[in-house]
Amino acid sequence: MAILRLGSKSEAFHREGNSWICTSGLPSDVNINIGEMSFQLHKFPLLSRSRLLRKLIEECSNGDGASFSLRLDDLPGGAIAFELISKFCYGVKIELNAQNVVSVRCAAEYLHMTDEYGKGNLISQTESFLNEVLGNWADSIRALEACEEVMAHAEDLHIVSRCIDSLATKACADPSLFGWPLAGRKSNQSPETTSLWNGISTMTKTKPTSDNWWYEDVTFLSLPLYRRLILAIESRGMRPESIAASVVYYARRYLPLMNRQSSFDDANPGPNILNPSESGQRALLEEIVGLIPNKKGVTSTKFLIRLLRTAMVLHASPSCREILEKRVGAQLDQASLVDLLIPNMGHSETLYDTNCVQRILDHFFLEEQAAAVATPDNIVEEGQLTNESNSMAPMTTVARLIDGFLAEVAPDVNFKLPKFEALASSIPDYARPLDDGLYHAIDMYLKAHPWITDPEREQLCRLMNCQKLSLDASTHAAQNERLPLRVIVQVLFFEQLRLRKSISGWFFVSDNLENSANPSGNVGLKKDGSHHATDGEDDVTHRVSELEKDCSGMKEELRKLVKYKRSWKNFTRRLGFSKSQSCCSKRSKPSNLRAIPPSTVNR
């Protein structure tokens with residue numbers, strides 16, 4: 001830390017309670033009161049250095065040598081700054097540093113301690129020392145923090161802007177090139193960093209400094225000063241990634257809810273944690289949201305969702321939450337399932353906030369549509385065809401993410417069917433290569449809501465495409481009693497079509513292999529004219545037999561299921577319509593019954 005030593009005399013002041021008394025041997029003739037402190041001084045050393053004090057002393061002095069009192073309650077820096085000023089007027093030794101030079105400089109300006117009232121007066125001394133302070137990063141931070149106490153006077157003297165400009169310039173530059181001492185870093189070299197050569201100590205090269213060397217230092221600033229510093233750094237062309245990382249670092253320091261890991265810890269903070277006031281945190285969060293760069297991807301989606309969750313807990317403004325939802329939606333493909341499990345803070349009965357997820361999803365598709373409109377269809381750039389699959393990757397990732405979210409919230413008994421359908425239908429069909437995730441979510445919903453009607457089950461199952469189920473999912477769906485019969489029949493039908501296609505494909509491949517291996521038609525014959533089976537044909541035959549067995553098993557399962565459904569209908573008919581059955585039996589005549597011919601049964 002830079003230090004300026006002024007004066008040559010030894011200490012001539014001592015304190016008694018709330019009073020500073022000068023021990024020069026002469027009785028004091030002026031008493032200056034600042035707040036609760038009083039200074040018993042002499043008027044001649046004071047009026048020789050300050051124009052304001054000279055004017056006040058001349059106005060209050062009666063000429064008879066009696067002592068009088070003055071009040072300087074508006075003095076910048078208060079009693080602490082005036083203590084150093086009074087010692088300076090008496091020529092007593094004082095030390096100025098980065099923490100007190102700002103208040104002393106403002107107080108000297110208030111008292112008009114210019115060079116007209118003594119060469120090398122306090123204004124010129126503090127001004128030259130302040131320039132030295134601003135040449136160092138750590139001292140500039142301390143000086144800017146000290147401006148908080150005398151903000152109005154420091155603004156008038158442009159001390160705040162000078163500190164911010166100095167810090168912004170240094171943050172955008174490489175500190176290792178100029179050897180700036182960094183706050184929070186040890187300046188002493190360890191034994192491993194020094195070496196001896198012929199008894200001479202030489203220090204090795206210091207480690208390179210990373211881009212985040214200034215993040216922790218600026219977190220000690222108040223929010224208004226930090227905001228001005230970030231805007232100054234941004235105007236100097238710093239990368240948005242570095243600015244966003246600094247904002248994240250600042251937010252984690254002053255928003256305790258940002259450091260919680262569990263989703264429900266945010267809604268129920270522990271009683272032993274001392275948090276700042278809710279209004280202060282709300283104002284801080286809204287300011288931080290405005291400082292985050294708008295560029296997509298510079299801030300992690302996890303942090304944005306945590307910020308959104310904290311905004312809900314602190315009841316931030318609707319505009320603030322809308323901005324966060326838009327930024328989360330713009331990069332929803334980078335989120336994880338755990339991030340989307342936002343606890344519900346509203347009046348809804350559901351456990352998680354599905355309405356917020358729906359709004360985020362809508363913002364994602366708006367961003368995708370805007371990106372598609374910005375790229376004309378008739379312009380095909382080099383490499384665009386090869387990267388076409390990559391353009392669908394965000395959409396596919398979001399579809400998988402929403403399917404997982406639906407499966408996670410489906411067991412909630414308060415989760416209404418229209419909301420489930422709205423979320424599931426928001427994903428276009430082409431975004432799902434397979435509907436296994438959607439089928440799993442529907443199955444979980446049917447399991448947790450057994451009371452929904454058959455038409456509602458039919459409507460819910462229309463959300464998935466049975467042709468896009470994998471083999472495992474189709475096998476599970478064919479045996480799932482919670483699904484409607486129509487859906488099970490569709491699954492079995494499409495599996496049979498897939499089986500036929502596979503069989504025809506194997507026969508086609510087998511024919512091609514045989515024709516390519518035996519172009520003359522007699523290579524596969526033995527000398528006695530018999531056919532010699534190849535290994536490829538045996539493999540194809542084995543696979544075809546396995547597929548036929550699977551098809552037979554699926555048909556048998558379908559037959560059993562249809563038989564079970566019919567038997568259940570007959571059972572209910574007997575219970576509910578026994579009277580009509582008896583009437584029908586009376587009307588029927590045994591003489592009209594005829595034996596069915598065997599040929600008809602065979603047909």
Side-chain angles (χ1 to χ4, degrees), residues 141 144-145 147-148 151 155 160-161 163-165 167-169 171-172 211-212 214-260 266 275-332 334-335 339 342 345 353 356 359-360 362-364 366-367 370:
I141 289 286
L144 186 57
E145 288 178 324
C147 291
E148 292 279 354
M151 181 58 68
E155 289 283 4
V160 178
S161 59
C163 291
I164 290 177
D165 292 340
L167 292 173
T169 303
C172 295
D211 294 337
N212 61 351
W214 56 277
Y215 294 170
E216 183 178 2
D217 297 337
V218 298
T219 56
F220 295 97
L221 300 175
S222 63
L223 179 60
L225 293 178
Y226 176 79
R227 182 178 182 275
R228 292 177 59 178
L229 177 60
I230 289 298
L231 294 178
I233 291 175
E234 185 178 6
S235 65
R236 282 167 171 78
M238 177 169 281
R239 297 185 305 112
E241 292 79 3
S242 299
I243 296 177
S246 176
V247 174
V248 171
Y249 203 101
Y250 192 88
R252 292 187 182 277
R253 180 180 180 89
Y254 292 101
L255 293 175
L257 296 179
M258 293 293 299
N259 300 322
R260 306 290 174 79
D266 296 349
N275 295 332
S277 63
E278 181 177 341
S279 59
Q281 290 192 63
R282 187 188 307 116
L284 175 64
L285 185 141
E286 293 176 356
E287 286 288 341
I288 286 176
V289 171
L291 290 177
I292 299 175
N294 292 325
K295 185 178 179 181
K296 179 181 177 181
V298 297
T299 309
S300 66
T301 308
K302 180 184 291 294
F303 171 78
L304 291 175
I305 294 179
R306 285 187 176 275
L307 205 60
L308 175 61
R309 185 183 305 168
T310 307
M312 293 178 177
V313 175
L314 298 176
H315 304 288
S317 62
S319 60
C320 176
R321 284 178 286 179
E322 183 181 1
I323 292 174
L324 288 173
E325 289 175 356
K326 288 182 179 180
R327 293 187 178 181
V328 172
Q331 50 192 50
L332 183 59
Q334 302 175 11
D339 299 332
I342 303 173
M345 302 298 172
D353 197 341
C356 178
R359 292 192 297 268
I360 292 174
D362 295 340
H363 290 310
F364 171 77
L366 289 177
E367 288 287 336

I need the minimum non-hydrogen distance between [X] and [Y], along with the two atoms involved.
X      : Y      : result
Glu286 : Cys320 : CG-SG, 4.0 Å
Leu291 : Ile230 : CD2-CG2, 4.4 Å
Met258 : Arg252 : O-NH1, 3.6 Å
Trp214 : Ser246 : CZ3-OG, 3.4 Å
Ala283 : Leu223 : O-CD2, 4.3 Å
Gly329 : His363 : CA-CB, 4.2 Å

Note to self: Listing request: all salt bridge (Lys or Arg N to Asp or Glu O under 4.0 Å) pairs with a residue in residues 311-321, at least two apart in sequence or in separate chains.
What the structure shows: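 Salt bridge (Lys or Arg N to Asp or Glu O under 4.0 Å) check on residues 311-321 returns no pairs.
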
Next item on the list: Step by step, work out the side chain to side chain contact (heavy atoms under 4.5 Å, CB included) result for Met312 and Leu324.
Entry: CA-CA 11 Å; Met312 293 178 177; Leu324 288 173; over 6 Å; no

Would you give the length of the straight line joining atom [atom1] of [X] to atom [atom2] of [Y], rounded to the nearest 0.5 angstrom?
X      : Y      : atom1 : atom2 : value
Glu155 : Ser161 : CD    : OG    : 7.0 Å
Arg227 : Leu284 : CZ    : CG    : 12.5 Å
Leu314 : Gln281 : CG    : CD    : 5.5 Å
Phe303 : Thr310 : CZ    : OG1   : 8.5 Å
Lys302 : Asp339 : NZ    : CG    : 4.0 Å
Glu325 : Ile305 : CD    : CD1   : 11.0 Å

Check: Run the side chain to side chain contact (heavy atoms under 4.5 Å, CB included) check on Leu144 and Leu167 step by step: do they pass?
Finding: CA-CA 9 Å; Leu144 186 57; Leu167 292 173; 3.6 Å; yes

Can you tell if the side chain of [X] reaches within under 4.5 Å of the side chain of [Y], non-hydrogen atoms only?
X      : Y      : result
Leu225 : Met151 : yes
Glu367 : Leu332 : no
Leu229 : Leu221 : yes
Tyr249 : Thr219 : yes
Lys326 : Ile323 : no
Arg327 : Gln331 : no
Met345 : His315 : no

Next item on the list: Kindly indicate, with the supporting measurements, whether the criterion salt bridge (charged side-chain N to carboxylate O under 4.0 Å, His left out) is fulfilled by Asp165 and Arg236.
Entry: CA-CA 10 Å; Asp165 292 340; Arg236 282 167 171 78; 3.7 Å; yes

Checklist line | With Tyr215 via ring pair (Phe, Tyr, Trp, His ring centres under 6.0 Å) - residues at least two apart | finding: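 Checked Tyr215 against ring pair (Phe, Tyr, Trp, His ring centres under 6.0 Å); zero matches.
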
Item checked: Chi angles and distances behind the side chain to side chain contact (heavy atoms under 4.5 Å, CB included) call for Leu304, Ile292 -> CA-CA 10 Å; Leu304 291 175; Ile292 299 175; 4.2 Å; yes

Notebook entry, point to check: When you look at Gln334 and Ser300, which way does the side chain to side chain contact (heavy atoms under 4.5 Å, CB included) test go after all the steps?
Noted result: CA-CA 8 Å; Gln334 302 175 11; Ser300 66; over 6 Å; no

Checklist line | Atom CZ of Arg359 with >12 non-hydrogen neighbours under 6.0 angstrom | finding: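 Atom CZ in Arg359 is packed in, count exceeds 12.
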
Checklist line | Over 12 non-hydrogen atoms of neighbours within 6.0 angstrom of CD in Glu216 | finding: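 No.
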
Checklist line | Candidate list Leu257, Leu308, Leu255, test side chain to side chain contact (heavy atoms under 4.5 Å, CB included), partner Leu285, passing option | finding: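 Option passing the side chain to side chain contact (heavy atoms under 4.5 Å, CB included) with Leu285: Leu255.
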
Next item on the list: Step by step, work out the salt bridge (charged side-chain N to carboxylate O under 4.0 Å, His left out) result for Glu278 and Arg282.
Entry: CA-CA 6 Å; Glu278 181 177 341; Arg282 187 188 307 116; 3.4 Å; yes

